[in-house]
Amino acid sequence: MTSPYAAGIERHPGWSWLDEYLWVTCEIVADLAEGRLDRRPPIATVARLEPRERALAVGPASRWTWRAFGDGSYTHQSVVAFGSPAFVLGSMAGSALGNSARRRAAAAAAVPRWVEDGHGEITVTTRKVYFGCPGSALDLEWGGLDTIDLVAPEVFQTSFRNAYTGLHWTVQLHTPFASLLFVLAAVTAFPAHPRLLEGGWLPPGFEQRCAEIGRPCRPAHRLLLNRSYE
C-alpha cells in the first residue's frame, strides 16, 4: 500500500521520509494552535475511537520497553557422585562450573535494557496514541503519562503506570511521528516542558530547510507559543 505521505518524497529530490513526516507534523500542530483540527480531512484507522475523538495521523512504529528478561534467580544443581576420587572430584567441578554459568546468566538477564517488543501501526488522536501490535499493544492517553521526552528525532519516550496491574513502565515508540506524539502530550499535560517551549521538538533549521527546498511549512512552534500566551 502506498504511503499517504509519499507525494512529498516524489516531488522533492533530497527530501527524506522523516522530513515529510515532520512537515505533516508541523501542519497538524499549526492547526492545533489555531483551533482548526476539526477542519482537517478524515484519517482512516482501525483503532477504536471514543465519541468526539479525532484521528490525526496514522503511521509505522515499533515498541521498545525498558525491562529485564529475568529476576536473577536460577536453579542450583547438586551432584552426588560415586566412584574413584578423580571421578568424584571431576563431577563436583563440572557441577560448580555449571552453577557458576547459570548464576552469571541469571544476573545478566536481571539487568534492565531496551527490548524491542514488536512492529505495528500507530494511530495518533486528539486524546491518545494507540499502537496496534499483537501481544504488545499500547493505548496511551496524553493525560495519563508521567514523563515524556523526545530522545531522538524518531524516538518518543514516556513512562506511565499500568491502569490494570499498577506496574510502572517506561517505553519508547520509534516512529517518524515521534515529534507529533511529543507535542500533543506536552500541550495536554506538560505545557511547561523545556523542549516544547524552546522548539526542541523540531530539528534545528527545519523550517528554513523546508523553504529552501520548495516545501515551506507553517510556523508551528511560533503559533504554539502565541497560543500559550493568550
Side-chain angles (χ1 to χ4, degrees), residues 1 3-5 17-18 20-22 24-29 31-32 37 40 42-71 109-196 200-202:
M1 182 176 66
S3 168
Y5 310 114
W17 281 103
L18 180 58
E20 185 66 16
Y21 278 88
L22 287 171
V24 174
T25 291
C26 286
E27 287 294 296
I28 295 173
V29 173
D31 282 340
L32 168 67
L37 287 180
R40 296 192 60 80
I43 298 293
T45 177
V46 298
R48 175 178 175 176
L49 302 178
E50 300 297 329
R52 294 182 295 280
E53 183 178 14
R54 187 178 186 86
L56 301 176
V58 171
S62 62
R63 170 184 170 171
W64 294 68
T65 305
W66 181 255
R67 62 182 175 88
F69 286 109
D71 59 6
V111 177
R113 79 288 308 270
W114 287 112
V115 179
E116 186 176 13
D117 290 323
H119 295 265
E121 181 179 83
I122 57 168
T123 296
V124 188
T125 81
T126 49
R127 300 181 185 178
K128 66 184 179 184
V129 56
Y130 173 76
F131 172 68
C133 177
S136 59
L138 276 178
D139 197 343
L140 302 177
E141 293 191 10
W142 307 130
L145 305 180
D146 294 331
T147 64
I148 62 168
D149 204 357
L150 190 67
V151 297
E154 295 179 79
V155 181
F156 172 72
Q157 181 171 309
T158 183
S159 62
F160 59 94
R161 189 170 298 279
N162 188 295
Y164 300 101
T165 65
L167 297 177
H168 194 265
W169 289 93
T170 299
V171 301
Q172 291 180 345
L173 286 175
H174 292 213
T175 171
F177 271 134
S179 287
L180 179 60
L181 305 186
F182 174 83
V183 171
L184 292 174
V187 167
T188 301
F190 304 85
H193 197 294
R195 191 179 296 279
L196 178 68
W201 54 275
L202 278 178

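Taken from CZ in Phe131 to CG in Leu181, the straight-line distance is 11.5 Å, to the nearest 0.5 Å. Going from atom CG of Asp139 over to atom OG1 of Thr123 covers 10.0 Å, rounded to the nearest 0.5 Å. In this structure, the separation between CG on Leu184 and NZ on Lys128 is 13.5 Å, given to the nearest 0.5 Å. The distance from atom CD1 of Ile122 to atom CG of Leu140, rounded to the nearest 0.5 Å, is 10.5 Å. Interatomic distance, Leu202 CG to Thr25 OG1, rounded to the nearest 0.5 Å: 8.0 Å. Rounding to the nearest 0.5 Å gives a distance of 7.5 Å between CG of Asp146 and OG1 of Thr158.
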**Report entry** Stepwise side-chain contact (heavy atoms from CB on, under 4.5 Å) check, Arg195 with Phe182
**Finding:** CA-CA 9 Å; Arg195 191 179 296 279; Phe182 174 83; 3.5 Å; yes
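In Glu141, the CD atom is not crowded: 12 or fewer heavy atoms of neighbouring residues, nucleotides or ligands sit closer than 6.0 Å.
Counted by atom type alone, Thr65 and Asp117 present one or more donor-acceptor pairs between their side chains at under 3.5 Å. For the residue pair Ser159 and Thr170, no side-chain donor N or O sits within less than 3.5 Å of a side-chain acceptor on the partner.
Using a 4.5 Å heavy-atom threshold, the side chains of Trp64 and Val171 count as separate. For the pair Trp201 and Val29, the minimum side-chain heavy-atom distance is below 4.5 Å. Inter-residue side-chain proximity for Leu138 and Val129 is flagged as unmet; no heavy-atom pair is nearer than 4.5 Å. Contact annotation: the side chain of Val24 approaches that of Phe177 to within less than 4.5 Å [non-hydrogen atoms, C-beta and beyond]. Under the 4.5 Å side-chain criterion, counting only non-hydrogen atoms from C-beta, Arg127 is in contact with Glu50. Between Leu167 and Arg161, every side-chain heavy-atom pair lies at or beyond the 4.5 Å cut-off. Two residues are said to be in side-chain contact when any heavy atoms from C-beta on lie closer than 4.5 Å; Thr175 and Glu154 fail this criterion.
The two residues Ser62 and His119 come nearest to each other via the heavy atoms CB-ND1, 3.6 Å. Nearest approach of Ile43 to Leu56, heavy atoms of both residues: CG1-O, 3.7 Å. The shortest heavy-atom contact between Ala44 and Val58 is O-CG2, 3.5 Å. Considering every non-hydrogen atom in both Ala189 and Gly143, the closest pair reads CB-CA, 4.3 Å. When all heavy atoms of Pro176 and Leu18 are compared, the closest pair comes out as O-CD1, 4.0 Å. Counting all heavy atoms, side chain and backbone alike, Gly200 lies closest to Leu150 at O-CD2, 4.2 Å.
Note: Trp66 and Trp114 meet the aromatic proximity criterion, with ring centroids under 6.0 Å apart. If you look at His174 and Phe156, their ring centroids are not closer than 6.0 Å.
The aromatic rings of His193 and Phe190 lie perpendicular to each other, with more than 60° between the two planes, well past the 30° mark.
A distance-only check finds a donor-acceptor pair linking the side chain of Arg54 to the backbone of Leu37 [under 3.5 Å].
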